[in-house]
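Residue numbers begin at 1 in each chain, while the letters A, B, ... track the order of the sequences. Quick caveat, the model's predicted, so the values are computed rather than measured.
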Amino acid sequence: MSRVILETHDLTVRFGGHVAVDAVTCAFRAGELTAIVGPNGAGKTTYFNLISGQIPVSAGRVVLNGRDITRDSVAHRTRAGIGRAFQLTNLFPNLSVLENVRLVIQSKAGLGYRLLSMASGHSEVTDKAVAILDRVRLYEKRAQLVSELSHGDQRKLEVALLIALDPAVYMFDEPTAGMSVDEAPVVLDLIADLKAQKDRTILLVEHKMDVIARLADRIIVLHNGALAADGDPAEVIASDVVQEAYMGKELTDV
Amino acid sequence: MIVKLLSGDTPRSPVLAVILLAILVALAFAPFLFPGVRSVDTAARICIFIVLVASYDLMLGYGGIVSFAHTMFFGMGAYGVALASTHMGRGFDAVAVGALSGALLAAAIAFLIGLFSLRVRAIFFAMITLAVASAVAVLVSQLSGLTGGEDGLSFQTPRALTPAFRFGDELFGVRLNGRLLAYYLIFGVSLILFLLMLRVVNSPFGRVLQAIRENDFRAEAIGYRVVGYRVTVTCLSAFIAALAGALYAIWLRYVGPDTVLSFDIMVDILLMVVIGGMGTMYGAVIGAALLVLAQNYLQALMGMAAGAVAGLPVLPELMNADRWLLWLGVLFVLSIYFFPTGIVGRLRQRRQGRAAQGR
């Protein structure tokens with residue numbers, strides 16, 4: 001088995017009396033793509049928010065490469081290797097497509113506090129950004145403002161930002177939501193490429209069973225915030241309990 | 001060369017380029033083009049306000065941070081120069097020490113306010129700056145032993161900057177005295193500070209600021225510690241505002257609460273940045289030039305207009321020179337209505353609209 005990269009220990013968050021994520025203990029290994037499934041409101045996105053730091057935890061710990069990052073800011077976690085793409089597209093709408101990607105590369109290169117050099121003078125940043133746009137097939141649209149892009153292209157850019165960040169842990173939250181049948185495969189192929197790199201840990205919240213069947217090495221099921229099942233995709237999907245009680249409608253749709 | 005000086009941030013509109021060039025030429029040769037105490041005084045004020053408004057735009061237009069303490073930072077630089085000149089005796093060393101310590105104090109206070117309030121929400125920053133600025137204004141008028149209270153401080157600037165200093169006879173009918181040198185000191189420093197700010201907004205740091213303004217949540221999630229950037233830009237903005245204040249003190253040879261700390265100046269800054277166009281830097285140039293000109297000449301202009309329509313009903317009353325503030329208000333409302341993105345935003349839009357049609 002490969003090395004454990006990310007662990008959550010008894011990770012819990014309460015909103016008032018409601019326990020949204022309930023003592024989830026789980027470890028994620030390098031080179032492994034884990035699909036996180038469960039009915040709406042099961043706490044999948046909240047679990048993501050706890051790991052990447054958007055929401056403070058009520059109890060429990062998040063450990064990255066053996067280091068406790070539970071109290072770290074989002075920016076610190078990002079630089080430590082936790083990268084996140086969002087379910088609702090979350091970009092810089094009035095900047096160009098290229099500038100969106102450049103910002104990520106610039107962050108990785110640690111250039112944020114350069115006050116007196118010209119941003120456009122850092123050609124290595126621009127070159128890397130262009131290469132990534134080429135990879136996600138947005139190169140032609142690099143000069144457009146993000147607000148002018150179609151929904152599908154915005155989803156692609158969302159994924160492009162994460163690829164540009166190239167973190168140790170990739171977290172995708174329904175990356176193909178709302179994308180057309182033609183566009184979704186582009187994003188899925190990108191995720192498959194990442195998986196092929198072997199050393200990346202990928203977490204994927206997804207509803208579509210065909211996507212999960214194609215990409216996942218492992219499935220964990222959340223229900224009412226708690227870990228309800230964890231294991232090999234075939235086993236988890238086949239288990240009757242999971243089928244009926246935990247996946248509900250989404251599974252029978254496919 | 002020019003593009004490099006402008007940090008690659010060209011006006012991007014021919015009309016805008018012409019206007020900016022006209023303002024630059026007018027300011028660069030103001031003492032020769034518009035001789036007279038009043039017009040040169042207006043030109044110096046325009047230079048100083050361009051820097052002050054641009055430094056505010058750095059924070060508001062690029063950083064998305066609303067502050068009401070900008071006049072306070074401005075005043076710190078001004079009082080720095082005044083106090084240093086009073087206690088150290090006249091001289092450039094006193095001016096330098098005063099300007100620098102005023103600017104450093106402004107940056108330090110901005111740092112403290114920013115650290116405590118920008119962590120939470122930008123709106124807290126606005127409220128805290130309002131409170132601190134009011135407190136400082138009261139403090140300055142109360143500490144009359146140190147600051148001269150409501151009367152302010154008159155002080156002596158270096159001899160080389162006074163009218164008594166002559167370094168030649170006349171050039172194109174303009175007396176070559178220390179006032180001329182003082183004007184060119186202000187013009188030169190203002191130009192350098194403006195170009196410096198233009199560089200900062202086009203640097204990697206400037207891009208991060210724009211990202212934070214657009215979407216601070218996501219900026220954090222790609223690894224930028226938002227509070228750090230916000231505090232940094234606030235300090236930088238305060239530092240430059242204080243330097244503008246120092247220039248103002250050098251020009252007026254006087255500081256007082258009404259002249260450098262009043263809330264009216266804060267309102268002026270807001271008007272200038274909004275009329276010119278937020279987040280453009282060049283907006284500061286146009287906004288400052290327009291408003292300072294209006295403040296200085298609208299009254300006279302209206303006096304002439306009132307004379308022209310004398311004898312007609314109602315109109316002379318409306319054109320009465322005492323009503324100039326009313327017309328300034330009308331001017332402001334109209335410009336917001338017709339140019340919601342400011343004059344610079346509007347001019348650039350037209351260009352883009354045409355480019356889009358051409359495609």
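- For chain B, the option among A:S117, A:A164, A:P167, A:G121 with the highest count of heavy-atom pairs below 4.5 Å is A:S117.
- Between B:H70 and B:Y56, the ring planes lie perpendicular to each other; the angle is over 60°, past the 30° to 60° tilted range.
- When heavy atoms are compared at a cutoff of 4.5 Å, A:T78 approaches chain B solely by way of its side chain, counted from C-beta outward.
- Heavy-atom distances place no part of B:L209 under 4.5 Å from chain A, backbone and side chain included.
- With respect to the salt-bridge test (charged N to carboxylate O, under 4.0 angstrom), the residues A:D199 and A:R29 do not qualify.
- The heavy-atom pair separating A:R142 from A:S96 by the smallest distance is O-CB, 3.7 Å.
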Stepwise salt bridge (charged side-chain N to carboxylate O under 4.0 Å, His left out) test for A:D153 and A:K141: CA-CA 9 Å; A:D153 283 341; A:K141 295 176 177 161; 2.6 Å; yes
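- Tested against A:D166 for a salt bridge (Lys or Arg N to Asp or Glu O under 4.0 Å), the candidates A:K108, A:R200, A:K128, A:R135 yield a single pass: A:R200.
- Counting heavy-atom pairs closer than 4.5 Å to chain B, the top-ranked of the candidates A:N100, A:L161, A:N94 is A:N94.
- For chain B, no part of A:S52 is nearby; none of its heavy atoms comes within less than 4.5 Å.
- In this structure, the portion of B:F217 lying under 4.5 Å from any heavy atom of chain A is its side chain and not its backbone.
- With a threshold of 4.5 angstrom between heavy atoms, A:L165 approaches chain B through side-chain atoms but not through N, CA, C or O.
- Residue with the most contacts toward chain B among A:R77, A:H76, A:Q54: A:Q54 (heavy-atom pairs, distance under 4.5 Å).
- Heavy atoms of A:R84 lying under 4.5 Å from chain B belong exclusively to its backbone.
- For chain B, the option among A:L103, A:V125, A:V104, A:L111 with the highest count of heavy-atom pairs below 4.5 Å is A:L103.
- Of the charged side-chain nitrogens involved, at least one lies within less than 4.0 Å of a carboxylate oxygen, so that B:R12 and B:D9 count as a salt-bridged pair.
- Under the 30°/60° scheme for interplanar angles, the aromatic rings of B:Y282 and B:F194 are found to be tilted.
- In this structure, A:F15 places its CZ atom where more than 12 heavy-atom neighbours from other residues, nucleotides or ligands lie under 6.0 Å away.
- Ranking A:H122, A:R102, A:E158 against chain B, the residue ahead of the rest is A:E158, based on heavy-atom pairs under 4.5 Å.
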